[in-house]
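Along the sequence shown, residues carry numbers from 1. All values below come from the heavy atoms of this structure, side chains included, with hydrogens, waters and symmetry mates left out.
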Amino acid sequence: PASRGAQLTLACLLAGRGESREEVASLIDQGLDDGRFIAEETSEALPVILAVYALVHTNEIQRAHTLTEAMLADAQARGSVVGFVAATTHRGLATLVRGGLAEAEADIRAALELAVEHGLTYTVPIIATYLSRTLLQRGEHEAAAAVLQDVTLPPAMAEMPAALLLLEARGRACLARGHRAQATSELRRCGHIADRRRLHNPAFLAWRSALALALAPDRPEQARELAHTELELARRGDSPRAIGIALRVCGLLAEP
């Protein structure tokens, strides 16, 4: 039992690096231990949140959704605000990736309002990035940018995954509004940190394809190289969603 949290944390790390999906799945099975982890550690435990990330970013979307429902049931049974925020945030993420934009927005907005109300400082930036991504996919570009406008990170989080998510979201929001120079700056910074952390899985961070679109008008060769690199990484990680995103950008940037 003492190793459960470590196994879930390792599963998330390997998923972010695009390692073996089978190994990630095995670690999650062992870490969750047929529901014993949540029963003993509750939905507030960071490793169970990391398990959701790992499942989402290895395309186990239904399993991720089921896990968030178990988290939500635990949080409601105990009256836990922190657990409720964690569960609804990550249920929203799983729903967003699956394409349920209205449902995702409802969950993520509810989580963000509670996080702000209760001063959950470290969770607000992450939730805001998910809301921005949802709004972008709904075509609400100005609203997506506005959600991130006043979001700041504590210094201790400057190079943590939350910072990467925030930088990518800001870059995409800038790109959607035609601010290519700012988008390029945010996405390059995201990429530099991700490379240092060896977080290569485009299912987790698809910064290369977004940066490629920002660079395309001025640096088409560099843009195509970025898009093809992302496609190669997506295929290596066997992620259909990431492969589709990369293929779309490769197609958009293909020479006539």
Side-chain angles (χ1 to χ4, degrees), residues 5-28 31 45-60 64 86 89-90 93 96-97 121-130 132-133 148 151-175 183-212 214-215 222 225-239 241-243 245-246 249:
Q7 291 180 93
L8 296 176
T9 303
L10 180 58
C12 187
L13 177 63
L14 294 180
R17 291 181 174 179
E19 302 291 345
S20 165
R21 292 175 61 184
E22 292 76 15
E23 186 174 1
V24 170
S26 176
L27 286 165
I28 291 174
L46 179 59
V48 75
I49 297 171
L50 298 180
V52 178
Y53 281 130
L55 290 169
V56 167
H57 298 126
T58 53
N59 271 343
E60 297 286 346
T89 296
H90 296 93
L93 171 63
L96 169 62
V97 172
T121 309
Y122 281 81
T123 65
V124 168
I126 295 173
I127 303 171
T129 65
Y130 295 155
S132 178
R133 284 168 57 180
L148 303 175
V151 174
T152 57
L153 287 172
M157 296 177 69
E159 293 204 1
M160 292 176 68
L164 296 172
L165 294 171
L166 183 59
L167 288 167
E168 186 192 32
R170 282 180 171 157
R172 288 183 178 279
C174 289
L175 182 61
T184 298
S185 175
E186 300 281 10
L187 292 164
R188 282 196 189 281
R189 188 175 165 203
C190 175
H192 290 155
I193 298 172
D195 282 346
R196 285 202 299 272
R197 294 286 183 257
R198 294 171 56 197
L199 296 173
H200 303 311
N201 185 357
F204 174 57
L205 288 167
W207 62 269
R208 289 178 180 83
S209 55
L211 179 57
L215 292 174
Q222 185 179 355
E225 182 180 347
L226 281 165
H228 284 289
T229 298
E230 183 166 302
L231 178 58
E232 180 183 340
L233 290 169
R235 284 174 168 160
R236 188 183 306 167
D238 191 24
S239 172
R241 182 173 181 272
I243 291 169
I245 291 170
V249 174

Next on the checklist: Applying ring pair (Phe, Tyr, Trp, His ring centres under 6.0 Å), can you list everything that pairs with Phe204, at least two apart in sequence or on another chain?
Outcome noted: His57
Item to check | Gap separating the CD1 atom of Ile127 from the CG atom of Leu165, nearest 0.5 angstrom | outcome: 12.0 Å
Item to check | Point-to-point distance, once rounded to the nearest 0.5 Å, from OH of Tyr53 to CG of Leu46 | outcome: 8.5 Å
Checklist outcome for this item: When rounded to the nearest 0.5 Å, the distance separating CD1 of Ile49 from OG1 of Thr123 is 9.0 Å
Checklist outcome for this item: In short, Ser209 meets Ile245 closest at the heavy-atom pair OG-CG2, 3.9 Å
Item to check | Audit row: Trp207, Leu199, side chain to side chain contact (heavy atoms under 4.5 Å, CB included) steps and yes/no | outcome: CA-CA 11 Å; Trp207 62 269; Leu199 296 173; over 6 Å; no
Checklist outcome for this item: Residues at least two apart in sequence or cross-chain that pass side chain to side chain donor-acceptor pair (under 3.5 Å) with Arg21, listed by chain then number, are Asp238
Checklist entry - Can you tell me if Thr129 uses its side chain to pair, donor with acceptor, with the backbone of Ile126 under 3.5 Å? => result yes
Next on the checklist: Quick test of your reading: applying salt bridge (charged side-chain N to carboxylate O under 4.0 Å, His left out), list the pairs with at least one residue in residues 45-56, sequence neighbours left out, ordered by first then second residue.
Outcome noted: none
Next on the checklist: Has Asn59 got a side-chain atom pairing as donor or acceptor with Ser239's backbone, closer than 3.5 angstrom?
Outcome noted: no
Next on the checklist: Nearest 0.5 Å, please: how far is OG in Ser132 from CG in Leu148?
Outcome noted: 4.0 Å
Checklist entry - Are Leu50 and Leu8 close enough, and set up right, to give a side chain to side chain contact (heavy atoms under 4.5 Å, CB included), and what steps lead you there? => result CA-CA 7 Å; Leu50 298 180; Leu8 296 176; 5.5 Å; no
Checklist entry - When rounded to the nearest 0.5 angstrom, what is the spacing between CZ in Arg133 and CG in Leu93? => result 6.0 Å
Checklist entry - Do Asp195 and His192 come close enough that some side-chain heavy atom pair is under 4.5 Å? => result no
Next on the checklist: Arg236: which residues meet the side chain to side chain donor-acceptor pair (under 3.5 Å) condition with it, sequence neighbours left out?
Outcome noted: Glu232
Item to check | Spatial distance of atom CD (Glu19) from atom CG (Leu13) [nearest 0.5 Å] | outcome: 8.5 Å
Checklist entry - Listed by chain and number, what are the side-chain contact (heavy atoms from CB on, under 4.5 Å) partners of Glu168, not counting sequence neighbours? => result Arg172, Leu187, Cys190, Leu205, Ala206
Item to check | Residues which pass side-chain contact (heavy atoms from CB on, under 4.5 Å) with Thr184, listed by chain and number, not counting sequence neighbours | outcome: Arg188, Leu211, Ala214, Leu215
Item to check | Counterpart residues, side chain to side chain donor-acceptor pair (under 3.5 Å), relative to Ser185 (two or more places apart) | outcome: none
Checklist entry - Can you name the residues that form a side-chain contact (heavy atoms from CB on, under 4.5 Å) with Glu23, not counting sequence neighbours? => result Leu14, Ser20, Leu27
Checklist entry - Could you walk me through whether Glu230 and Val249 pass the side chain to side chain contact (heavy atoms under 4.5 Å, CB included) check? => result CA-CA 10 Å; Glu230 183 166 302; Val249 174; over 6 Å; no
Checklist entry - Looking at residues at least two apart in the chain, or sitting in another chain, which of them share a salt bridge (Lys or Arg N to Asp or Glu O under 4.0 Å) with Arg235? => result none
Next on the checklist: Could you work out, with side-chain contact (heavy atoms from CB on, under 4.5 Å) as the rule, every residue matching Thr229, not counting sequence neighbours?
Outcome noted: Arg208, Glu225, Leu233
Next on the checklist: Under the rule for side chain to side chain donor-acceptor pair (under 3.5 Å), what residues qualify as partners of Glu60, not counting sequence neighbours?
Outcome noted: none
